[in-house]
Protein chains: 2
Amino acid sequence: MSMIQTMDVDVGEPLSLHQRILSDISERILSGAWAPGHRIPFEHELTAEYKCSRMTVNKALSQLAKAGLIERRRRSGSFVRRPQSQAAVLEIHDIRIEVEALGLAYHYERVARHKRRSSAEDRTLLELDSNGPVLALECRHFAGKRPFAHEQRLINLAAVAEAANEEFFAVAPGPWLIARVPWSAAEHRIRAVAADRHIAAALDIEAGAACLVVERRTWSAEHPVTHVRFTYAAESHMLVARFTPSQR
Amino acid sequence: MSMIQTMDVDVGEPLSLHQRILSDISERILSGAWAPGHRIPFEHELTAEYKCSRMTVNKALSQLAKAGLIERRRRSGSFVRRPQSQAAVLEIHDIRIEVEALGLAYHYERVARHKRRSSAEDRTLLELDSNGPVLALECRHFAGKRPFAHEQRLINLAAVAEAANEEFFAVAPGPWLIARVPWSAAEHRIRAVAADRHIAAALDIEAGAACLVVERRTWSAEHPVTHVRFTYAAESHMLVARFTPSQR
DNA sequence: GCCGCGGTTATGTATATACATATTGAAACG
DNA sequence: CGTTTCAATATGTATATACATAACCGCGGC
């Protein structure tokens with residue numbers, strides 16, 4: 001297992017008052033003591049209960065509303081919301097970290113590198129308009145001696161010109177980009193595919209084996225930066241995502 | 001494509017002042033105008049710029065800090081953080097909604113239902129201590145005439161006793177549970193598997209085909225409620241997750 | 001009975017103020 | 001020269017206050 005989502009559990013510190021109010025209430029909601037639809041006390045009632053100003057109570061309740069735990073209605077009060085959708089935070093780490101978390105030695109290999117004018121397919125993947133230059137990379141990531149993941153990447157050279165001068169022998173394109181380009185948005189697609197011959201050879205598995213594929217497209221300030229497809233060796237990989245209604 | 005993540009993009013409404021400050025600053029960060037490490041103006045400078053009180057500025061900056069876009073240091077100021085990890089919000093809808101979003105008719109079928117004392121395997125899946133009773137369900141979800149997803153579910157009857165009286169012919173266990181049990185936490189595991197014979201038959205695909213599997217474990221107030229494994233018919237399914245540094 | 005009108009109420013936003021706290025940089029001291 | 005002390009500073013939290021806004025309630029007029 002890898003790609004573990006770390007949760008933000010704050011424990012121990014002396015809580016500020018509005019944080020205490022917030023956690024008191026969310027505990028009662030999450031425990032079911034206050035079921036969906038239940039009206040939680042008015043601000044002025046909590047003000048009395050905690051002997052504090054309305055601003056303090058308001059701060060806590062506003063955060064609960066933003067977190068989606070309650071719904072606030074003028075003149076009516078605040079009500080426990082019913083969970084709307086199964087949402088989870090998926091945290092996808094650098095592959096080196098994933099591998100090392102498994103206690104295995106990480107090794108990176110650059111297989112191929114081509115600079116070219118973007119093809120129609122490249123433009124689809126990157127959501128590019130013009131046929132500007134792109135850098136196409138193919139890499140392998142190893143866990144111990146076994147291939148762990150196969151990486152196919154396109155970099156939009158119009159957005160990251162300096163990538164044209166980098167060979168990517170020593171450093172993987174992922175960390176290289178992260179260190180250089182402030183990204184603003186990303187889109188992930190996760191699916192299962194049967195390994196074709198090329199992938200099977202690269203990952204040293206049988207053709208047709210089920211593989212988890214994670215594709216990521218990244219933008220920086222409205223400009224497409226990179227498209228990458230990671231194909232993980234069959235059975236070696238799993239994504240873990242956790243959800244707890246956020247209190248932050 | 002399905003399981004689409006809706007983003008919270010607020011547009012149009014008259015923004016309150018602290019929201020405007022917040023979006024002004026986050027835009028400058030996300031556009032790269034203020035690179036990671038850059039010190040953003042002090043609260044008292046923004047107070048002057050926006051001609052408002054420090055509380056208003058503080059509200060905006062506190063939210064940016066909670067969203068992880070900036071880091072605040074006493075006496076030093078607030079600094080743009082470098083993106084820490086690839087995190088995405090994955091929103092997993094009810095299967096009926098997924099199917100209908102594809103423009104296909106949804107149909108549900110209960111295949112099997114067994115009430116039993118929990119086996120060792122059940123206890124592993126549910127993270128149960130005792131060998132209390134569980135309800136094991138097997139269902140199919142159709143998109144048009146084709147099987148879309150196969151569902152294998154365990155319900156902890158100690159947590160949801162009334163499930164023992166429900167046949168689940170008319171209503172799928174997912175929506176039934178959502179409507180009844182306030183869940184507090186969930187964990188997802190996403191992986192690719194080759195369809196075994198049982199799954200292949202249920203989904204009307206070839207054995208060995210690559211399938212996306214989403215497993216979910218749900219807790220309510222510290223008690224395990226249910227474990228469910230959805231297996232999606234090969235090639236028919238994709239998870240989409242988007243990330244934009246949250247401003248809420 | 002129906003409609004409109006204003007009052008009441010709870011939340012939404014903003015202000016000025018106050019004091020706590022962490023951290024820095026410089027001055028004072030050994 | 002190194003260390004301690006201290007004041008300055010930016011943020012963290014909380015208060016009392018004020019007015020805006022949305023929604024509901026009941027009253028009165030028709």
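Naming convention: chains lettered A, B, ... in sequence-line order (proteins, then strands); numbering from 1 in each chain.
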*Asks:* Decide, yes or no, whether a salt bridge links A:Arg217 with A:Glu215 under the criterion of side-chain N to carboxylate O below 4.0 Å.
*Replies:*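 Judged by the 4.0 Å cut-off on N to carboxylate O distance, A:Arg217 and A:Glu215 do not form a salt bridge.
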
*Asks:* How would you list all residue pairs meeting salt bridge (charged side-chain N to carboxylate O under 4.0 Å, His left out) that involve residues 52-61 of chain A, not counting sequence neighbours?
*Replies:*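 Non-adjacent pairs meeting salt bridge (charged side-chain N to carboxylate O under 4.0 Å, His left out): A:Glu43-A:Arg54.
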
*Asks:* Could you walk me through whether B:Arg96 and B:Glu98 pass salt bridge (charged side-chain N to carboxylate O under 4.0 Å, His left out), step by step?
*Replies:* CA-CA 5 Å; B:Arg96 151 168 254 133; B:Glu98 289 182 55; over 6 Å; no

*Asks:* Whole angstroms only, please: what is the CD-C1' distance between B:Glu71 and C:dA22?
*Replies:*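 That distance rounds to 14 Å.
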
*Asks:* Would you please name every residue forming a salt bridge (Lys or Arg N to Asp or Glu O under 4.0 Å) with A:Arg39, sequence neighbours left out?
*Replies:*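 Expected list: A:Glu45.
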
*Asks:* Base contacts versus sugar-phosphate-only contacts with protein, heavy atoms under 4.0 Å: please encode nucleotides 12-17 of chain C as B, S and - from 5' to 3'.
*Replies:* BBBBBB

*Asks:* Would you tabulate the pairs of protein nitrogen or oxygen atoms and nucleotide nitrogen or oxygen atoms of nucleotides 4-8 of chain C closer than 3.5 angstrom?
*Replies:*
unit_1, atom_1, unit_2, atom_2, d
C:dT8, O2, A:Arg75, NH1, 2.8

*Asks:* Could you tell me the separation between the CZ atom of B:Phe42 and the P atom of C:dT23, rounded to a whole number of Å?
*Replies:*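 My rounded result for the distance is 16 Å.
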
*Asks:* Can you tell me the distance, in whole Å, between the CZ atom of A:Arg39 and the C1' atom of C:dT11?
*Replies:*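 My rounded result for the distance is 13 Å.
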
*Asks:* Kindly say if B:Ser76 contacts the phosphate of D:dT9, meaning a side-chain N or O under 4.0 Å from OP1 or OP2.
*Replies:*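 Answer is no, no contact under 4.0 Å.
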
*Asks:* To the nearest angstrom, how far is B:Ile40 atom CD1 from D:dA10 atom C1'?
*Replies:*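 So the two atoms are 12 Å apart, to the nearest Å.
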
*Asks:* Under 6.0 Å between ring centres: does that hold for B:Tyr108 and B:His141?
*Replies:*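 B:Tyr108 vs B:His141: aromatic centres under 6.0 Å.
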
*Asks:* Quick one: list whatever passes ring pair (Phe, Tyr, Trp, His ring centres under 6.0 Å) with A:Trp219, sequence neighbours left out.
*Replies:*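 Listed in chain order: nothing, the list is empty.
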
*Asks:* If the condition is ring pair (Phe, Tyr, Trp, His ring centres under 6.0 Å), which residues does A:Phe230 pass it with, not counting sequence neighbours?
*Replies:*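 For A:Phe230, no residue satisfies ring pair (Phe, Tyr, Trp, His ring centres under 6.0 Å) once neighbours in sequence are set aside.
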
*Asks:* Do the side chains of A:Arg216 and A:Glu187 get close enough for a salt bridge, i.e. N-O under 4.0 angstrom?
*Replies:*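 Here A:Arg216 does not pair with A:Glu187 in a salt bridge, since their nearest N and O are not under 4.0 Å apart.
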
